[in-house]
Amino acid sequence: MVETKAAWKRIVARAIAEYIKEKGSPVQAPAPESVVLERPPKPELGDFGFPMFPYAKLLRAAPAQVAAALAAIVARDPEAARLGAALPEGPYLNVRLARGPEAAAVLAAAASASWGRTGSLAGKRVLVEFSSPNTNKPLHLGHLRNNVLGESLSRILGAAGAELRKVNHINDRGIHICKSMLAYERYGEGRTPAQEGLKGDHFVGKYYVLFNKLKEEDPKAEEKAQAMLLAWEQGDPAVRALWQKMKDWVMEGIKETYARTGVSFTLYDFESDTYDLGKREVLRGLESGVFFRQEDGAVSVKLEDVGLDTKVLLRKDGTSIYITQDIGTAIARHEDWPYDRLVYVVGNEQKYHFQVLFEILKRLGFGWASDLHHLAYGMVNLPSGRMKTREGTVVDADDLVDEVAALAAKEIEAKGREGAVGDLAAVAEKIALGALHYYLLQTSPMKDILYDPELSLSFTGDTGPYIQYMGARASSIIRKHEGGEGNAAKGKAEPALLGSDADWALISRLAAFPEAVDAAAAGLEPSALAGYLHDLAADFGTWYRDNPVLANPDANLAASRLELVRAVRRTFEAGMGLACIPFLESM
RNA sequence: GCGUUCGUAGCUCAGCUGGAUAGAGCGACGGACUUCGAAUCCGUAGGUCGCAGGUUCGACUCCUGUCGGACGCACCA
């Protein structure tokens with residue numbers, strides 16, 4: 001299909017050149033790549049069309065007149081004749097593809113192991129940093145959005161052929177960590193997560209919340225936390241031991257959540273290892289005059305000329321801050337594994353931070369600074385207000401998955417399908433993840449999400465389970481065929497038989513799958529892929545109702561349609577995988 | 001105050017690099033299960049695309065201004 005489009009652009013460019021020659025006009029014909037191709041609003045108008053407005057202006061003729069003239073020229077083109085027909089439609093030149101050959105090509109492509117693997121980013125190295133939790137509490141709904149964005153984007157980039165590194169930058173040091181440690185010392189009595197029957201991250205998170213109680217009891221609690229941070233930095237053995245123990249608990253719990261939701265990483269970076277990294281770079285920048293030393297001794301950079309403010313990079317006591325560390329890690333990562341692109345999946349409240357960071361790296365002379373990208377995403381708001389730990393209104397990630405899974409299980413039982421699905425709990429969990437991930441992915445990243453529990457828990461309409469359901473229905477047809485039902489086995493698949501408008505609508509949709517992958521990869525937008533999957537599900541939903549597959553009396557048509565269903569199923573499997581929506585044979 | 005960003009149907013959202021009557025889902029109303037699972041399908045109602053200018057043959061899409069919301073403007077992360 002992609003090849004077909006490129007071919008038609010060439011044909012139209014050729015026709016325009018021919019038309020210019022016929023008219024004896026001195027203007028230059030457009031390059032094939034510059035020819036605008038679009039999809040007509042209604043399928044009856046054709047498979048794609050070319051607006052004639054720009055050429056009308058160029059050639060000083062009415063658009064409709066140009067369309068008619070070009071149609072006549074294209075009609076004489078032997079390559080065009082093989083691929084379809086071009087018809088003038090007002091100011092547009094519309095193309096109707098030859099359905100038989102195109103259907104055969106799509107079914108063959110969908111049957112290959114590389115279906116959906118486009119190669120548009122072949123040879124490119126992309127590093128994706130995402131999730132990046134703190135080690136003092138469990139993951140919440142906001143992390144779920146971050147995780148699914150990062151994971152899905154990574155899979156999409158991988159499908160486009162990129163070589164990937166998925167990095168999780170763990171914030172395991174700082175005052176907030178010390179607070180949970182202090183509270184644990186006061187209230188923990190040496191207990192372990194196992195003893196309290198809690199996941200490690202929930203266990204530690206409990207003590208982080210208990211710090212509020214500690215503050216009421218002890219007015220010096222904040223000071224003690226500061227003192228503990230200092231002791232940690234100086235390597236106090238007792239503090240370090242407790243820190244390590246609690247960090248291990250949290251990491252173990254968080255990794256469970258990752259495993260459960262299908263998120264994985266190539267490697268983990270710990271801030272405790274990297275927080276000193278950028279110092280040397282900053283001092284070098286000071287020597288080369290990129291930065292300057294303030295009167296009080298702090299090292300800063302003036303960014304007013306690019307519309308940013310002066311930013312401190314080293315405190316007056318010489319210690320590094322957040323951005324110093326990010327400078328260091330970006331450089332270290334590039335030295336370690338020269339990437340063509342680095343994508344930070346981080347909330348949009350840090351947009352300014354990344355603008356500053358990228359500008360600084362540019363000034364330090366790193367050409368690759370222009371390859372850095374902040375994939376910013378909006379907050380997940382609750383109807384009651386902002387999600388912040390301190391306000392106690394967070395939605396815990398594990399609890400949420402549990403809750404949705406319980407509802408899914410109830411739904412399966414309500415439909416009396418416990419027997420059909422096999423492992424009820426496992427299927428319910430997959431439906432829950434499908435629902436949650438699709439809900440979080442469908443909205444474009446920059447927009448804030450108003451978390452509506454009812455909507456996110458619903459399984460009907462424009463949801464993940466709707467897509468899963470269509471995948472399951474396709475599977476069901478194939479399963480019945482394999483069980484010996486229907487006429488397909490008696491016939492021979494002939495793609496040319498799939499020429500009806502209904503068949504064609506579905507085949508065109510399948511053909512667009514690689515384009516959807518590329519669009520999502522190029523724009524760093526998993527939502528584009530989520531949208532595609534919904535469209536595919538809707539098209540299949542309409543098609544299978546009106547087009548009997550196995551029961552079709554014409555055995556060859558049955559066999560052909562079965563091939564189409566197989567292609568649909570393969571597309572669901574591949575596409576849903578990229579969107580972190582579990583594929584289900586039955587639900 | 002300055003900066004960034006969002007503002008599309010009652011609600012939640014799509015709308016590709018500007019292009020042919022602005023699309024889904026939920027909710028409302030009306031239909032379709034002796035026929036491959038109705039978590040489905042079909043139909044009806046509902047929008048001056050926040051507002052005002054501008055660029056263009058053509059603007060939901062680009063530019064300027066304006067109103068409203070969110071976020072940011074630390075030697076915190």
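First the proteins, then the strands, lettered A, B, ... as listed; each starts at 1.
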Contacts of Arg566(A) that satisfy salt bridge (Lys or Arg N to Asp or Glu O under 4.0 Å) - sequence neighbours left out: Glu563(A)
Side chain of Leu45(A) (C-beta onward), nearest among rA14(B), rA74(B), rA20(B): rA20(B)
Touch class at under 4.0 angstrom, heavy-atom based, for Pro40(A) against every strand present: base
Expected output: side-chain Asp317(A) to main-chain Thr319(A) donor-acceptor under 3.5 Å: yes
Set of residues satisfying ring-ring contact (aromatic ring centres under 6.0 Å, His included) with respect to His374(A), sequence neighbours excluded: Phe354(A)
Separation of atom OH in Tyr439(A) from atom P in rA24(B), rounded to whole Å: 21 Å
Pairing residues for Phe583(A) by the side chain to side chain contact (heavy atoms under 4.5 Å, CB included) criterion, not counting sequence neighbours: Ser475(A), Arg569(A), Phe572(A), Glu573(A), Met576(A), Glu585(A)
Whole-Å distance separating the CG atom of Leu440(A) from the C1' atom of rC13(B): 14 Å
Nearest-nucleotide comparison on RNA chain B, the residue closer to the 5′ end among Lys316(A) and Glu38(A): Glu38(A)
RNA chain B: 5'-proximal contact among Leu314(A) and Glu89(A) (nearest heavy atom): Glu89(A)
Shortest non-hydrogen contact from Gly575(A) toward Leu533(A): O-CD1, 3.5 Å
Span that lies between the C1' atom of rG15(B) and that of rA74(B), in whole angstrom: 40 Å
Set of residues satisfying salt bridge (Lys or Arg N to Asp or Glu O under 4.0 Å) with respect to Asp448(A), sequence neighbours excluded: none
Phe540(A) six-ring face occupied by Arg473(A) cation (under 6.0 Å, within 45°): no
Touch class at under 4.0 angstrom, heavy-atom based, for Lys351(A) against every strand present: sugar-phosphate
For Asp535(A), salt bridge (Lys or Arg N to Asp or Glu O under 4.0 Å) partners two or more places apart: Arg509(A)
With Glu403(A) via salt bridge (Lys or Arg N to Asp or Glu O under 4.0 Å) - residues at least two apart: none
Atom-pair distance (CD on Gln226(A); P on rA77(B)), nearest Å: 11 Å
Integer-rounded Å distance: rG3(B) C1' and Gln350(A) CD: 16 Å
P gap between rU64(B) and rA22(B), integer Å: 27 Å
Residues in side chain to side chain contact (heavy atoms under 4.5 Å, CB included) contact with Lys447(A), at least two apart in sequence or another chain: Thr443(A), Ser444(A)
Separation of rC73(B) P from Ile323(A) CD1 (nearest whole Å): 12 Å
Glycosidic class, syn or anti, of rC33(B) using a 90° window around 0: syn
Side-chain N,O (Ser458(A)) to OP1/OP2 (rC26(B)) below 4.0 Å: no
Whole-Å C1' distance, rA52(B) and rC67(B): 11 Å
Touch class at under 4.0 angstrom, heavy-atom based, for Glu349(A) against every strand present: sugar-phosphate
Atom C1', compared across rG23(B) and rG46(B): separation rounded to whole Å: 13 Å
Minimum heavy-atom distance between Trp8(A) and Ala86(A), given as atom pair plus value: CZ3-CB, 4.1 Å
Set of residues satisfying side chain to side chain contact (heavy atoms under 4.5 Å, CB included) with respect to Ala521(A), sequence neighbours excluded: Leu121(A), Ile156(A), Leu157(A), Ala160(A)
C1'-based separation of rA77(B) from rG10(B) [nearest Å]: 41 Å
Heavy-atom donor-acceptor pair, Asn94(A) side-chain to rA20(B) base, under 3.5 Å: yes
Rounded distance in Å between the P positions of rG25(B) and rC71(B): 32 Å
Between rC73(B) (P) and Leu308(A) (CG): distance, integer Å: 13 Å
Sugar-phosphate or base contact per nucleotide [nucleotides 31-43 of chain B; S, B, -; heavy atom under 4.0 Å]: -----BBSBBSS-
Under the ring-ring contact (aromatic ring centres under 6.0 Å, His included) test, residues paired with Tyr352(A) that sit two or more places apart: none
Value in whole Å for how far the C1' atom of rG19(B) lies from OH of Tyr55(A): 12 Å
N/O (side chain, Lys447(A)) to phosphate O (OP1/OP2, rA14(B)) under 4.0 Å: yes
Touch class at under 4.0 angstrom, heavy-atom based, for Ala298(A) against every strand present: base
Atom C1', compared across rA20(B) and rC73(B): separation rounded to whole Å: 46 Å
Touch class at under 4.0 angstrom, heavy-atom based, for Gln468(A) against every strand present: nothing
Sugar-phosphate only, base, or nothing, as touched by His534(A) at under 4.0 Å among non-hydrogen atoms: sugar-phosphate
Face-to-face stacking of Tyr352(A) with rG3(B), centres under 5.5 angstrom, angle under 30°: no
For RNA chain B, the dot-bracket pattern of Watson-Crick and G-U pairs whose distances stay under 3.5 Å, | for other-strand partners: (((((((..((((.....[...)))).(((((.......))))).....(((((..]....))))))))))))....
Spacing of the C1' atoms in rG27(B) and rU44(B) (rounded, Å): 14 Å
Close N/O contacts between protein and nucleotides 55-64 of chain B (under 3.5 Å):
from, atom 1, to, atom 2, distance (Å)
rC57(B), OP1, Lys57(A), NZ, 2.7

From CA spacing to verdict: salt bridge (charged side-chain N to carboxylate O under 4.0 Å, His left out), Lys311(A), Glu359(A): CA-CA 11 Å; Lys311(A) 177 75 188 172; Glu359(A) 178 64 24; over 6 Å; no
Arg39(A) CZ - rU17(B) C1' separation (whole Å): 15 Å
